[in-house]
Amino acid sequence: MKAQVKLHNGTPTLFLDDRPTYANFQLLGSLDPNQRDLNHQLMQVYARAGVHMYSIDAVGPEWCGPRPGQAGHFDFAATAPRLQEVIDADPQALFLLRMGFETRWLADNWWNQLYPEEVEILSNGERWSASFASTVWHEEVKALLSEYINHLRKTGLYDRVIAYQIATGTCGEWIKSWSSMSLDCGDYSEPMRRAFRAWLWRKYGGDTARLQDAWADPRVTFQTAEVPSEAEQMNTTHFLLRDPRREQKVIDFYACYAETAADALLGFCRTVKEQTNGEKLTGAFFGYLMDIAWNDSFFNLEYGGLAHAEVSTHQRSGHLGLYKLLRSPDIDFLVSPYGYHFRGVGGDGLPMQPTESLRIHNKLYLLEEDTLMHNNFDPQGRMHPFKHSIAIYQRNFAQVLTHGLGITWLETSAFMEHPSIVDEAHRWQKRYAEIGQWAVQLNRAPSAEVAVFLDDESFYYQTVRNNLSLPLVSQQRVINLNRFGAPHDVYLLNDLLEGRLPPYKLYIFLNPIHLNDQRRAALKAILRREGRTSLWIYAPGYLNSDAPSPADVENMADLTGFRFGRGGFWAPFMHITNFEHPITQGLPQDLFWGSTHPLGPIFHLQDPQATTLGEVVYSLGRCQPGFGVKSFPEQRPGEGGWNSIYVATPSVPAPVLRGIARFAGVHLYNDQGDVLYATPDLLSVHTVSGGRRVFRLPRRVEVIYDVFNRCVLAQDADQFETHLPPASTALFFTGQAALLHSLEEMTP
């Protein structure tokens, strides 16, 4: 069977033998051989629901290492029986094979002992895992992939496999928790040292003088350059930021590390493509940039102390190599669990990747719906009571449907549904499968008028502590961005700068802290026209490695059009002082927001030409203008003017975002603070409070249909009223009546 990802009705779509297919999988993981009958029953539940694709762990005893009388390191005796077990339960079974190549978990630690010089070395001297830079590891994994695929051909199982998911690190997610989620740093192995020196040679063109000038070190050469020490990685010289005049060494290493991880993954994917003649899909857990401000303390209640809880995983995980994956033809899909920060009622089923960037690069995203793993660890439910699980599943399904994604549902003997809802949950699986396949025919292109941008490059220039990444990215997104009443699209900033995006009315920039001359010139050319509105948060463009003064408020002024002053370290907060502007009219005076983490530097407006809307309050109780707006006339005839809005503190609340969106001319569906998704044909709402709702559509439609409750709410209308139960999720079709026929004909 040939598997492809192709653009279809506005979104990357799974094609099987040239047929567009809803990417809907049961996630089996590693099946317990002692629970064969129970696992068979669960697989048959999904098969009866119309789910015939299975995600399964596929490398265990296959990578066995040296054995008496055997020359090779591979043994495929367990492969066919493992897959046959699923086929016995569902004769239509197709497979996504999760191929784990983490050497830390191999039996008797055989690989690390056989190749000690190829193992990552941590700052504390520990050795746990093959270095991302190890060519020995690269070649052995490629050989295993090649022989595995050849074995599938020999056993007649090759056509059953549609995708290969390449995995390593903790939980197979290309994150080594031991060197990126705690205080220990890496990688001090010889393979990484060689890779770093080769990377530096390429970057600086073999010019030693350029390297010495960039590193501010007259003694360094391409033969002596070393991986930054733990102290260099854990500390910054300019408040929470890295001054490129003094810390280019660390900046370079993190860029090298990200590329090294991405190149290793792409090399493995390329092997699969070559061995399958390009007719199978490749993918990985990778690119978790919207979520990984977390650390080991987040996942372990009693892990470490305060310093451990302040670590961010962004720079040391390798996931900043996402941009290379997006531009490669060798990888087709990316996977992640849905975001960990707020999964409960009122939270969101958020992908960890900037999914609209995946869309424009034609990469399919699979959301791992693993609620049963995490919620059921606690007897009463870790994230929500079990009675609310159906609403959570519906919310996550609606996230997938409205964003053109795929999904993998975890349910096995190890992770069982709660008995009180198991029958209902299984009935819904059939309905999800029906709706998902029906929706493939819909227009699934984005309809948002708001774009949100993450700048992956700026992470290289900031602390590895989460003082910035947690409030600027994770909390801003989880708490506020999904609740202001309009959909938004999330991209990497460079996709905007490369001219890949359609125009938007409102552009929200989470963290563009470092912009060199080229990137800031491109950004200004895009934004300063056609009445576009930009929202800048905290330190936009403060760093510029091309500027005479790389860390300067003049760099911010150049980008945003505001004049700034600067303060030191503190945990700032914001309050509104001007309630007469269209942005702030109707907002309560008791609305405050900011960061509980100390930030530094802290910035304030020092611009008499700006309209001040609020003050930032920081050290010694200073109250300075920190929330302002400026409107600029057109620079060239016919181009139109532009608007610039600045907020000094992160975690801008949804009511303020709503006012900014309204000022920018964005269509608002409602103003009740519910989690909301929308496409040209679909609207979904997840609510805590419930109650009467009126939704205003951006255009008149033939029919408004409640998909979950199977009823028509309105016809020939551009708004509708409904009542939402508390702690619920609703999904509405808002389009042409003809498209409803096939959905309504499906079996209840």
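- Side-chain contact between Met290 and Ser474 is absent, with no heavy atoms from C-beta onward closer than 4.5 Å.
- Checked for salt-bridge contact, Arg270 and Asp263 miss the test: no charged N lies under 4.0 Å from a carboxylate O.
- Looking only at atom types and distance, the side chain of His403 has no donor-acceptor partner in the side chain of Thr355 under 3.5 Å away.
- Between the side chains of Thr729 and Tyr393, no donor-acceptor pair is found at a separation under 3.5 Å.
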- Message: Could you walk me through whether Gln715 and Val712 satisfy the side chain to side chain contact (heavy atoms under 4.5 Å, CB included) test, starting with their C-alpha distance in whole Å, then the side-chain angles of each, then the deciding distance to 0.1 Å, before giving a yes or no?
- Response: CA-CA 8 Å; Gln715 293 178 311; Val712 173; 4.0 Å; yes

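- Annotation: cation-pi pair Lys273/Tyr164 absent, no NZ/CZ under 6.0 Å from the ring centroid and within 45° of its normal.
- In this structure, the side chains of Ser177 and Phe299 stay at 4.5 Å or more apart for every pair of heavy atoms.
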- Please step through side-chain hydrogen bond (donor to acceptor under 3.5 Å, both in side chains) for the pair Gln437 and Thr21, ending with a clear verdict. CA-CA 7 Å; Gln437 189 59 43; Thr21 303; 5.1 Å; no

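- Residues satisfying the side chain to side chain donor-acceptor pair (under 3.5 Å) criterion with Tyr432, sequence neighbours excluded, are absent altogether.
- Within the 4.5 Å cutoff, no side-chain heavy atoms of Lys6 are placed close to those of Pro12.
- For the pair Phe25 and Glu368, the minimum side-chain heavy-atom distance is 4.5 Å or more.
- Listed by first then second residue, pairs satisfying salt bridge (charged side-chain N to carboxylate O under 4.0 Å, His left out) with a partner in residues 344-360 read Glu356-Arg359, not counting sequence neighbours.
- Using a cut-off of 4.0 Å between Lys/Arg side-chain N and Asp/Glu carboxylate O, Arg693 and Asp674 are scored as salt-bridged.
- Ion pairing between a basic and an acidic side chain is recognised when a charged N comes within 4.0 Å of a carboxylate O; Asp88 and Arg36 show such pairing.
- The OG atom of Ser389 sits 14.0 Å away from atom CH2 of Trp428, with the distance rounded to the nearest 0.5 Å.
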- Can you check side chain to side chain contact (heavy atoms under 4.5 Å, CB included) on Phe286 and Val335, steps first, answer last? CA-CA 7 Å; Phe286 207 95; Val335 193; over 6 Å; no

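- Taking the side chain to side chain contact (heavy atoms under 4.5 Å, CB included) definition, one finds that His426 meets it with Leu42, Val45, Glu411, Val422, sequence neighbours left out.
- For Arg82 and Glu62, the salt-bridge test passes: some basic side-chain N is under 4.0 Å from an acidic carboxylate O.
- At a threshold of 4.0 Å, the pair Asp17-Lys2 does not count as salt-bridged, since none of the basic side-chain nitrogens sits closer than that to a carboxylate oxygen.
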